[in-house]
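Shown next, in structure tokens, is the structure this report addresses.
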There are 2 protein chains.
Amino acid sequence: MTTEVKKSRGRPRVFDMDEALDQALFIFWEKGYEGASVAEFTETLGINKPSLYAAFGNKEALFQKALAKYTAGPAAFVQAVVREPTAFKVAQAFLYQAATFLTDATHPKGCMIVQAALSIGDHAGTVKQLLIQYRAGYEQLLATRFEQALIAGDLAEDANPQLLAKLLATLHQGMSVQATSGATREELLALADFALKQWPTATLKATA
Amino acid sequence: MTTEVKKSRGRPRVFDMDEALDQALFIFWEKGYEGASVAEFTETLGINKPSLYAAFGNKEALFQKALAKYTAGPAAFVQAVVREPTAFKVAQAFLYQAATFLTDATHPKGCMIVQAALSIGDHAGTVKQLLIQYRAGYEQLLATRFEQALIAGDLAEDANPQLLAKLLATLHQGMSVQATSGATREELLALADFALKQWPTATLKATA
DNA sequence: ATATTTATATACCGATTGGTATTTATATAC
DNA sequence: GTATATAAATACCAATCGGTATATAAATAT
């Protein structure tokens with residue numbers, strides 16, 4: 001059973017939508033929502049504006065599609081780390097992988113969700129709010145995981161899951177700024193190690 | 001001896017430059033370099049463009065003047081905290097005052113130096129680099145202070161001054177993002193307390 | 001071959017961007 | 001008074017912003 005090629009009538013698209021979205025993602029990632037211009041997209045992708053708009057909608061729709069690709073691809077580690085077996089391992093994996101990811105030379109430095117629309121004009125208020133929701137989302141993902149850990153007993157009884165999640169999110173967001181400012185992977189990993197030293201592992205349980 | 005009023009010939013300026021610069025600072029602080037438009041300045045200050053340009057130069061010069069006012073005014077606590085008597089007190093003062101400042105309702109949330117030009121188009125690359133330098137500046141200010149503390153003996157012998165400074169800077173930058181995302185002062189103060197728990201105070205010296 | 005469908009390319013749109021040339025108004029110096 | 005110096009106000013500039021109307025090219029269905 002070979003892969004069926006969907007044949008549709010009409011002139012075939014000359015560019016690969018997936019590739020194009022990847023390139024758009026990189027541009028938004030590097031320059032932010034406001035700093036990326038539609039002209040830059042069309043020049044980089046080698047297509048003209050009507051094709052871009054027909055394929056992806058307007059600038060904001062393009063951003064949302066790129067953002068979805070970002071969370072499903074480069075930033076997917078966030079969803080993965082919460083499946084680590086203990087709270088400590090979740091925190092460790094989150095910080096290590098964040099440090100590694102944020103300084104990866106194969107893509108723009110820093111996190112798109114953190115930086116793409118922090119300070120922005122009024123016209124793009126929707127995007128700013130969207131990213132705030134995304135940031136709240138992964139923080140809550142960690143918080144929920146740590147609540148489970150508290151019940152499971154691999155967190156100290158007096159540990160505060162929400163606070164721990166906010167600490168990790170804050171470190172991540174700070175590390176994102178640091179990566180953009182030129183911090184190295186080694187520096188961020190050292191920060192991660194230092195922060196993990198005080199992790200409130202339950203005193204009577206082994207961390208594995 | 002009364003205050004001498006500088007009398008200069010020529011039509012007197014109808015607006016207060018200091019007030020105007022404060023208003024410009026707030027706009028840059030809230031919307032970032034790219035997100036703030038010249039039209040917004042002139043409308044808010046109640047002056048027209050030629051007056052703005054005559055008084056402050058172009059947009060980038062206005063930003064630099066506003067930035068200088070920011071560091072000398074709202075953000076002056078950074079210079080102040082390094083005069084605390086011990087490394088721990090420096091760290092504590094820095095994080096507490098950062099948490100308080102970043103969530104102050106009397107001005108935009110977050111730190112202008114962190115957020116005003118993180119992700120930005122090519123045309124404003126100068127400003128982005130300028131803010132990177134400012135961030136490196138206050139981190140180094142802390143690092144130098146902690147090197148002194150190491151010599152003075154109020155830091156553990158194996159403590160790493162540069163790393164500690166980077167940790168504080170990273171927490172500050174993360175807290176800035178958090179403040180912009182809606183985190184409360186109490187949440188940021190709790191983060192600060194948690195982070196201070198592992199401060200490597202020298203074991204044989206009292207912290208006062 | 002023709003109709004239909006979809007993507008392309010060119011050209012254009014009004015609005016806004018940062019920045020200025022020009023004129024007019026208001027002060028002091030003489 | 002007149003000259004000089006400075007600021008304000010109006011109007012304007014080219015360039016870019018995000019977005020689209022229109023016409024043409026290339027595919028399939030019949």
Side-chain angles (χ1 to χ4, degrees), chain A residues 4-21 24 27-28 31-66 116-117 119-128, chain B residues 4-21 23-24 27-28 31-66 116-117 119-128 130:
Chain A
E4 290 295 329
V5 176
K6 213 39 155 335
K7 293 226 174 181
S8 63
R9 56 177 175 269
R11 182 172 176 170
R13 185 172 280 116
V14 78
F15 64 96
D16 185 303
M17 283 194 64
D18 212 57
E19 276 181 29
L21 191 53
I27 294 176
F28 275 132
K31 311 241 172 119
Y33 180 77
E34 209 168 26
S37 74
V38 174
E40 199 170 352
F41 291 125
T42 57
E43 288 162 16
T44 302
L45 310 196
I47 63 180
N48 26 40
K49 281 197 278 186
S51 297
L52 183 75
Y53 277 80
F56 302 106
N58 63 12
K59 187 184 182 184
E60 189 171 334
L62 176 61
F63 180 80
Q64 295 201 24
K65 289 186 173 68
S119 291
I120 212 164
D122 306 297
H123 55 286
T126 306
V127 172
K128 179 177 178 178
Chain B
E4 290 295 329
V5 176
K6 213 38 156 338
K7 292 226 174 179
S8 64
R9 55 177 175 267
R11 181 172 175 172
R13 184 172 279 116
V14 79
F15 64 96
D16 185 304
M17 283 195 63
D18 211 61
E19 276 181 27
L21 191 53
Q23 292 181 283
I27 293 175
F28 275 131
K31 311 241 172 119
Y33 179 76
E34 210 168 27
S37 74
V38 175
E40 199 170 353
F41 291 125
T42 57
E43 286 162 16
T44 303
L45 311 196
I47 65 180
N48 25 41
K49 281 197 278 184
S51 297
L52 183 76
Y53 277 81
F56 302 106
N58 62 13
K59 188 184 181 184
E60 189 171 333
L62 177 61
F63 180 80
Q64 294 202 24
K65 288 186 173 69
S119 292
I120 209 162
D122 307 297
H123 56 284
T126 306
V127 172
K128 181 177 177 178
L130 179 68

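All heavy atoms count here, side chains included; hydrogens, waters and symmetry mates do not. In the text below, chain A, chain B and the rest are named by the order of the sequence lines, each starting its count at 1.
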Among D:dA5, D:dC17, C:dA21, find the nucleotide with the atom closest to the side chain of B:Pro50.
C:dA21
Give a yes/no on whether any side-chain N or O of A:Asn48 is located under 4.0 angstrom from OP1 or OP2 of C:dA9.
yes
pair_partner(C:dT28), Watson-Crick or wobble, both distances < 3.5 Å, evaluates to D:dA3
Is there a side-chain contact (heavy atoms from CB on, under 4.5 Å) between A:Phe56 and A:Gln64 once you walk through the steps?
CA-CA 10 Å; A:Phe56 302 106; A:Gln64 295 201 24; over 6 Å; no
Using modelled atom types and a 3.5 Å cut-off, is there a donor and acceptor pairing between side-chain atoms of A:Asp16 and backbone atoms of A:Asp18?
yes
Report the distance from atom CG of A:Leu52 to atom C1' of D:dC17, rounded to the nearest whole Å.
14 Å
Measure CZ/A:Phe63 against P/D:dG18 and give the value in whole Å, please.
14 Å
Using 0.5 Å steps for rounding, measure from the OH atom of A:Tyr33 to the NE2 atom of A:His123.
7.0 Å
Rounding to an integer number of Å, can you tell me how far A:Met17 CE sits from C:dT6 P?
14 Å
Can you tell me how far C1' of C:dT16 sits from CD of B:Glu43, to the nearest Å?
11 Å
dist B:Leu52:CG -> B:Leu62:CG (nearest 0.5 Å) comes out at 5.5 Å
Students often get this wrong, so: under 4.0 angstrom with heavy atoms, is A:Ala124 touching a base, only sugar-phosphate, or nothing?
nothing
So what does B:Phe41 hit on the nucleic acid, given a heavy-atom distance under 4.0 Å: a base, only sugar-phosphate, or nothing?
nothing
Return the 5'-most residue of the pair B:Ser37, B:Arg11 with respect to DNA chain C, ranking by each residue's nearest nucleotide.
B:Ser37
Mind calculating the distance between NZ (B:Lys59) and P (C:dT16) to the nearest angstrom?
15 Å
With respect to the side chain of A:Arg9, which nucleotide from D:dT28, D:dA8, C:dT8 is positioned closest?
D:dT28
Looking only at side-chain N and O atoms, does B:Ser51 come under 4.0 Å of OP1 or OP2 in D:dA7?
no
Could you state the CD1-P distance from A:Ile120 to D:dC17, rounded to the nearest angstrom?
15 Å
Candidates C:dA25, C:dT20, C:dT8 - which lies nearest the side chain of B:Tyr53:
C:dT20
Could you give the CD1-to-C1' distance, from B:Ile47 to C:dT20, as a whole number of Å?
15 Å
Straight-line distance of A:Leu45 CG to A:Glu40 CD, nearest 0.5 Å
10.0 Å
Taking for B:Val38 and for A:Arg13 the nucleotide of DNA chain C with the nearest heavy atom, the one nearer the 5' end belongs to A:Arg13
Is A:Pro12 touching bases, backbone alone, or none of the nucleic acid, heavy atoms closer than 4.0 Å?
sugar-phosphate
Counting only Watson-Crick or G-U wobble pairs whose two distances fall under 3.5 Å, which nucleotide matches C:dA15?
D:dT16
Could you tell me the separation between the CZ atom of A:Phe28 and the C1' atom of D:dG18, rounded to a whole number of Å?
11 Å
